[in-house]
Amino acid sequence: MPGLAGLIDTEAMAPHGVCLLWQPELIWLHVVSDGAIALAYWSIPLVLVVLLLRRRDLVFPWAIGLFAAFILLCGATHAMDIWTLWHPDYAVQGVLKAVTAAVSVATAIALWPLLPRLLSLPSVQALAEANASLSREVAERREAESRARQSEATLASFFTHIPDALFIVRAGPEGPVFETVNPAFCQLFGMEGAALEGLGPRELLEAEAAAELVFQFDACFTAREKRDFETLVSAEAQGTTQGHGTRHWHTVLVPLPGPEGEAPRLLGSLRDVTEVRRLQAELVETARRATIGAMCAGVAHEMSQPVNIIGLWADRARATIAAGGAAPLRAMEVVLGQTKRLGALLERMRELARGASSETESFDAAATAAATVEIARRSWQLEGLEVALEMPGPGRLPVRGRAAELEQALLHLLENARDAVLRRRAADPAAPARITVSLTAGAEPGRVVIAVRDTGGGVPAGIAPSILEPFVTSKDPGQGTGLGLPIAAGLLRAMGGRLAWANWAEGLPEAGAVFRLILPLAGGGRAA
Amino acid sequence: MSMPLRVLMAEDEDLAAEVLQEGLVDAGFEVLMAPDGQAALELAAAGAGFDVLLTDLRMPRLDGKELILRLRAERPSLPVVVMTGFAPPEGPDRLHDGSGPLRLLTKPIDLSGLVSALWAVTQVD
């Protein structure tokens, strides 16, 4: 076995050119071929290295580095082949080949497990498609963002210009505080928005109103449900610029959806409804006074006749007695008769007063309607008005509520019918003057209908759409308050019923209006 | 006093009409009775002579207001006394055109008050 020194000792070996017998054609063929291969092999790793340096984002850069080293070494073995043509440094050549072999094998081994991962890399086309899809998504998002911005601008404009005071409340460590408020809110408190934000109800309102608001905020935070309530606020105490005295505030609170973990917030709207409440109270008061006034006038008229007769006859009897005449028996009989008439009137008034109790009861709509129609018939007989009642037959029509209120509602309709008929007759004395009240049960299932039909020409088209609204009347100034129908409708609603109307027989002599009181039958229908 | 004053009385309540007639006759008036406005109008049309109209307001067939208007159409200066169960909110002005004297009495009526009213409306000329 030759030693290591023997391997390096080149004196004992011949250069590779000897094998080629120094034939210049063969020598040059090898030199040029190996030179070209070496140069080519060296140029490739150069490209790879430049690529590695310039593209830091390449996948598996170490594999490319390995490739570069493997090709560089392959080039070096070809260069060595040229060298050994003239110099027999076969040991150096062997070492170089061994290194090349090691790097080649390492590269080959490393490449196989890499194959599936390389195959799974997206192709350029796939990347282009992904890119296009991403671009579309980006465009869509931009559009959505623009829409969101626009919608936010609209909402912001609402927030700024709405006459209701709007606010956002945050649960703070010291209790709820106003986070954001709108100009209407600022106006209500007469303060700048910046000064208001961060304050709580306790800093802005008197103790009682503040406690109520804090209670409502807390309840809304806890229940996470919409709340709707009214509070009374003393205007002096809160120092607002919005009028004096006690104000009614109508507030609506809704929980705001927000990210998990953030302090919960509420959106609130606050409206000063003092005027509305005042007008409502006034409306009720006006209606009450109108009712009382009409009742007093009716009572005064009913009572004036018997009182008048009693007074005149008593006066006459006194004169007779004073003159020493016969005992005035007839006068006494007249006085007694008229006193009974007054007594009956008083009894009817007591019945009315009893009916005003707040408890509802089941009563016979047929009997009430009949009694009411009888009152109207007697009262208006003198005016030449015909008031007729059409009943479906014997038997009760039980409804729930208060008989006095049904009587009142029916009287309002009868009075309207009478006014319409009289007005028409004033213009046309030959016009029919008839009011027909008809009761039907079961035309609508489970309901009784009391229809008041007149020959007053019908509701004028101009006021037809709003006739059930307060203060709308077809009567002359001073003749009607415009409250009869709303009151009647309100009474019916309280009994679970409703009011409907229509004109009928238009263009015929008996043209008029028909108003229908529709009530639910109590206990499921007619009872014998 | 030469001639008694003649009163045309329109009143639909029989008992009131009866006692008023007796009282007025005792007070020296002559009384023509009519049970409603229409009857009073017919009496006047038939040529019945009277100096003053005494009338109720609410009456069947023809009410007091209409009766006054119709009679005043013929005799604009006819004196009138009205008896009513309720005072119309507009006052007596709405009852006539102001051409003749008119008094409004609300029930209950007392006879002496009625007599003075009748005298008052007829003393104008």
Side-chain angles (χ1 to χ4, degrees), chain A residues 290 293-320 322-323 325-326 328 330-342 345 377-386 418 422 425-426 429 433 476-481, chain B residues 9-28 31 33 35-39 54-67 69-70 81-91 93-94 104-117:
Chain A
M295 222 175 82
C296 288
V299 167
H301 183 252
E302 286 276 302
M303 296 185 79
S304 69
Q305 296 291 17
V307 169
N308 188 42
I309 293 168
I310 289 170
L312 288 169
W313 282 87
D315 195 25
R316 181 91 189 129
R318 191 191 55 190
T320 309
R330 179 159 155 70
M332 289 303 107
E333 271 158 20
V334 168
V335 166
L336 278 173
Q338 295 301 309
T339 310
K340 275 189 190 133
R341 187 176 162 187
L342 278 173
L345 237 155
R377 200 181 60 76
R378 279 167 179 261
S379 310
W380 303 335
Q381 212 168 15
L382 302 185
E383 291 167 334
L385 269 179
E386 189 189 324
R418 165 181 170 264
L422 291 183
R425 197 173 59 181
D476 293 334
Q479 297 296 302
T481 58
Chain B
M9 179 169 71
E11 167 63 70
D12 61 309
E13 282 266 355
D14 294 346
L15 288 169
E18 183 186 338
V19 74
L20 281 172
Q21 188 209 20
E22 284 180 21
L24 287 177
V25 167
D26 284 357
V31 182
M33 300 221 319
D36 59 48
Q38 188 61 39
L54 172 63
T55 181
D56 195 358
L57 269 188
R58 284 205 175 181
M59 287 181 292
R61 299 209 290 168
L62 187 72
D63 68 15
K65 189 177 167 182
E66 197 57 33
L67 176 63
L69 284 176
R70 302 254 187 114
V81 174
V82 174
M83 303 175 290
T84 174
F86 64 96
E90 310 87 6
D93 295 352
R94 283 283 288 260
L104 188 74
L105 300 176
T106 46
K107 293 173 183 178
I109 310 280
D110 80 292
L111 193 66
S112 59
L114 175 59
V115 168
S116 1

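Each chain gets a letter, A, B and so on, in the order its sequence line appears, and its residues count up from 1.
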Spacing of [atom1] belonging to [X] relative to [atom2] belonging to [Y], to within rounding of 0.5 Å:
X      : Y      : atom1 : atom2 : answer
B:E13  : A:S304 : CD    : OG    : 8.5 Å
B:I109 : A:I309 : CD1   : CD1   : 11.5 Å
A:T320 : B:E22  : OG1   : CD    : 8.0 Å

Exercise. Can you establish whether the number of heavy atoms outside B:D110 located under 6.0 Å from its atom CG is more than 12?
Key: yes

Self-check item: Pairwise side-chain contact, B:D56 with A:Q305, heavy-atom cut-off 4.5 Å (strictly under)
Solution: yes

Self-check item: Side chain proximity check, A:R316 to B:D26, heavy atoms < 4.5 angstrom
Solution: yes

Quiz item: Between B:L20 and chain A, which part of the residue has a heavy atom less than 4.5 Å away: side chain, backbone, both or neither?
Solution: side chain

Quiz item: Is chain B contacted by the side chain of A:L312, its backbone, both, or neither, given a heavy-atom distance below 4.5 Å?
Solution: both

Quiz item: For A:V334, is it the side chain, the backbone, both or neither that has a heavy atom under 4.5 Å from a heavy atom of chain B?
Solution: side chain

